Amino acid sequence: MDIQKKKTEKLTVGILAHVDAGKTTLSEEILFQTGTTRKKGRVDHKDAFLDNDQMERERGITVFSKEARFRMGSRQVVLLDTPGHADFSSEAERTLQVLDYAILVISGTDGVQGHTLTLWQLLKDYQIPVFLFVNKMDRPETDRKTLLAELRKKLADGVFADFGNRNEEDEKEEIASASEPLMEAFLAGEAFDEDMITEAVLKRQLFPVSFGSALKGDGVEDFLKTLERYTIGWTAENAEEEAFGGR
């Protein structure tokens with residue numbers, strides 16, 4: 001697979017979370033930061049762009065899956081916002097069949113909750129690569145190190161904080177254990193190749209996690225850079241390599 005050749009293209013990404021983790025707030029911030037919307041809507045103000053059904057605005061929760069589109073570098077992304085309440089989990093599961101990647105939002109104040117584990121299992125069943133965004137990190141009671149340890153214990157050992165432009169040495173050995181190419185690079189004393197990490201994410205060997213506050217916009221720009229850096233889109237050329245199919 002020529003990963004580098006397929007980095008410009010299209011993606012379908014779903015965003016999922018336990019209710020009240022801040023999923024819709026993150027969606028609003030992404031659409032605003034990418035220039036898709038000119039104003040950030042808020043659930044509590046009943047003007048969220050994606051929660052546009054009257055019942056959703058009155059109840060302050062997402063009931064129906066919604067679609068939005070935004071540009072991420074040279075790539076067009078279809079974002080599918082799904083319900084977070086367990087009562088509407090069938091609506092969320094319905095979208096999993098069409099996703100290339102998923103964003104799983106976790107509340108920094110609550111950590112991994114019951115429905116978070118349900119969603120994680122569904123994503124595993126459908127073999128969907130996952131990016132995590134730990135929200136509400138502006139709250140004083142949150143602790144990044146503790147949350148990262150919880151994610152690795154309850155979700156997967158391959159959860160790693162994207163090193164991006166910072167020193168990667170702290171987590172290099174843990175990341176290397178995710179795949180054979182990464183381990184070979186580590187043992188050879190070489191820097192990790194971006195394509196190696198991208199492939200490990202695609203194969204669900206690694207799960208990048210970002211920390212921030214969707215309400216304040218903190219960490220969202222870096223999260224989008226991580227999403228662009230470690231994903232592979234689809235082109236007409238790419239589609240020809242696959243057997244014909246449809247849903």
Side-chain angles (χ1 to χ4, degrees), residues 13-23 25-26 29 84 86 101-183 185-187 191-192 194 196-227 229-231:
V13 179
I15 184 164
L16 305 96
H18 184 101
V19 67
D20 292 333
K23 171 184 57 60
T25 305
L26 177 60
E29 186 64 31
Y101 293 87
I103 299 168
L104 183 61
V105 184
I106 294 168
S107 169
T109 57
D110 300 309
V112 177
Q113 298 171 275
H115 192 51
T116 311
L117 294 172
T118 300
L119 292 169
W120 185 258
Q121 185 60 48
L122 284 171
L123 291 166
K124 181 179 179 181
D125 292 344
Y126 283 89
Q127 285 297 291
I128 298 170
V130 182
F131 288 75
L132 300 108
F133 184 85
V134 181
N135 193 26
K136 304 183 182 181
M137 292 301 292
D138 55 316
R139 305 283 184 86
E141 65 268 32
T142 59
D143 180 76
R144 177 189 171 112
K145 186 175 181 180
T146 301
L147 286 163
L148 184 58
E150 181 184 6
L151 295 175
R152 287 175 173 166
K153 180 181 179 180
K154 295 185 177 180
L155 301 184
D157 291 337
V159 173
F160 80 103
D162 174 32
F163 35 79
N165 296 318
R166 63 186 177 84
N167 194 323
E168 63 193 61
E169 293 301 327
D170 292 344
E171 296 183 332
K172 198 166 184 179
E173 188 170 356
E174 289 88 344
I175 294 169
S177 64
S179 75
E180 187 173 332
L182 288 169
M183 181 57 73
F186 174 72
L187 294 175
F192 291 143
E194 185 174 300
M196 293 179 187
I197 297 179
T198 301
E199 187 166 8
V201 170
L202 183 66
K203 292 180 177 179
R204 288 179 49 86
Q205 296 166 330
L206 284 177
F207 305 92
V209 57
S210 300
F211 296 84
S213 168
L215 186 61
K216 295 187 175 181
D218 297 339
V220 178
E221 182 180 357
D222 287 340
F223 171 70
L224 288 170
K225 289 179 181 177
T226 299
L227 189 64
R229 183 182 297 127
Y230 301 132
T231 52

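Each residue takes its place number in the sequence, starting with 1. Keep in mind that what you see is a predicted model, and the values were worked out from it rather than measured.
Atoms CG and CD, on L155 and E150 in that order, are 8.0 Å from each other to the nearest 0.5 Å. Considering CG of L123 and CG of L104, their distance stands at 6.5 Å, rounded to 0.5 Å. Once rounded to the nearest 0.5 Å, the distance linking OH of Y230 with CG of L202 reads 14.5 Å. Note that CG of L16 is 8.5 Å distant from CG of L122, once rounded to the nearest 0.5 Å. One finds the CG atom of N135 at 11.0 Å from the CG atom of D20 (value rounded to the nearest 0.5 Å). Interatomic distance, CD of Q113 versus NZ of K154, reported as 9.5 Å (0.5 Å rounding).
Residues that satisfy the side chain to side chain contact (heavy atoms under 4.5 Å, CB included) test with D157, not counting sequence neighbours, are absent from this structure. In terms of the ring pair (Phe, Tyr, Trp, His ring centres under 6.0 Å) criterion, residue partners of Y101 (sequence neighbours excluded) are, by chain and number, F131. Residues passing the side chain to side chain donor-acceptor pair (under 3.5 Å) test with S107 are T109, D110, sequence neighbours excluded. Applying the side chain to side chain contact (heavy atoms under 4.5 Å, CB included) rule to E221 yields the partners Q33, K225; only residues at least two apart in sequence or on another chain are considered. With sequence neighbours left out, the side chain to side chain donor-acceptor pair (under 3.5 Å) criterion links T146 to D143. With sequence neighbours excluded, no residue forms a salt bridge (Lys or Arg N to Asp or Glu O under 4.0 Å) with E180. R152 meets the salt bridge (Lys or Arg N to Asp or Glu O under 4.0 Å) test with E171; sequence neighbours excluded.
Nearest heavy atom pair, residue L182 against residue I175, reads CD1-O, 3.6 Å. Across all their heavy atoms, A21 and I106 have their closest contact at CB-C, 4.3 Å. Across all their heavy atoms, A185 and A191 have their closest contact at CB-O, 4.4 Å. Nearest approach of T226 to S210, heavy atoms of both residues: OG1-OG, 4.1 Å. Across G108 and V134, no two heavy atoms sit closer than the pair CA-CG1, 3.7 Å. The minimum heavy-atom distance linking I128 with R204 is given by the pair O-NH1, 2.8 Å.
Judged as a ring pair (Phe, Tyr, Trp, His ring centres under 6.0 Å), not a single pair has a partner in residues 134-154 (not counting sequence neighbours). Pairs passing the salt bridge (charged side-chain N to carboxylate O under 4.0 Å, His left out) check and including a residue from residues 118-138, sequence neighbours excluded, read D138-K216. Sequence neighbours left out, the pairs with a member in residues 132-152 that pass ring pair (Phe, Tyr, Trp, His ring centres under 6.0 Å) are F133-F223.
Inter-residue side-chain proximity for L148 and K145 is flagged as unmet; no heavy-atom pair is nearer than 4.5 Å. No side-chain heavy atom of T231 sits under 4.5 Å from any side-chain heavy atom of V201. Contact of the L147 side chain with the F211 side chain is registered, since non-hydrogen atoms from C-beta on lie closer than 4.5 Å.
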Practice prompt. Output, in order, the C-alpha distance, side-chain angles, deciding distance and verdict of side chain to side chain contact (heavy atoms under 4.5 Å, CB included) for F207 and L151.
Written response: CA-CA 10 Å; F207 305 92; L151 295 175; over 6 Å; no
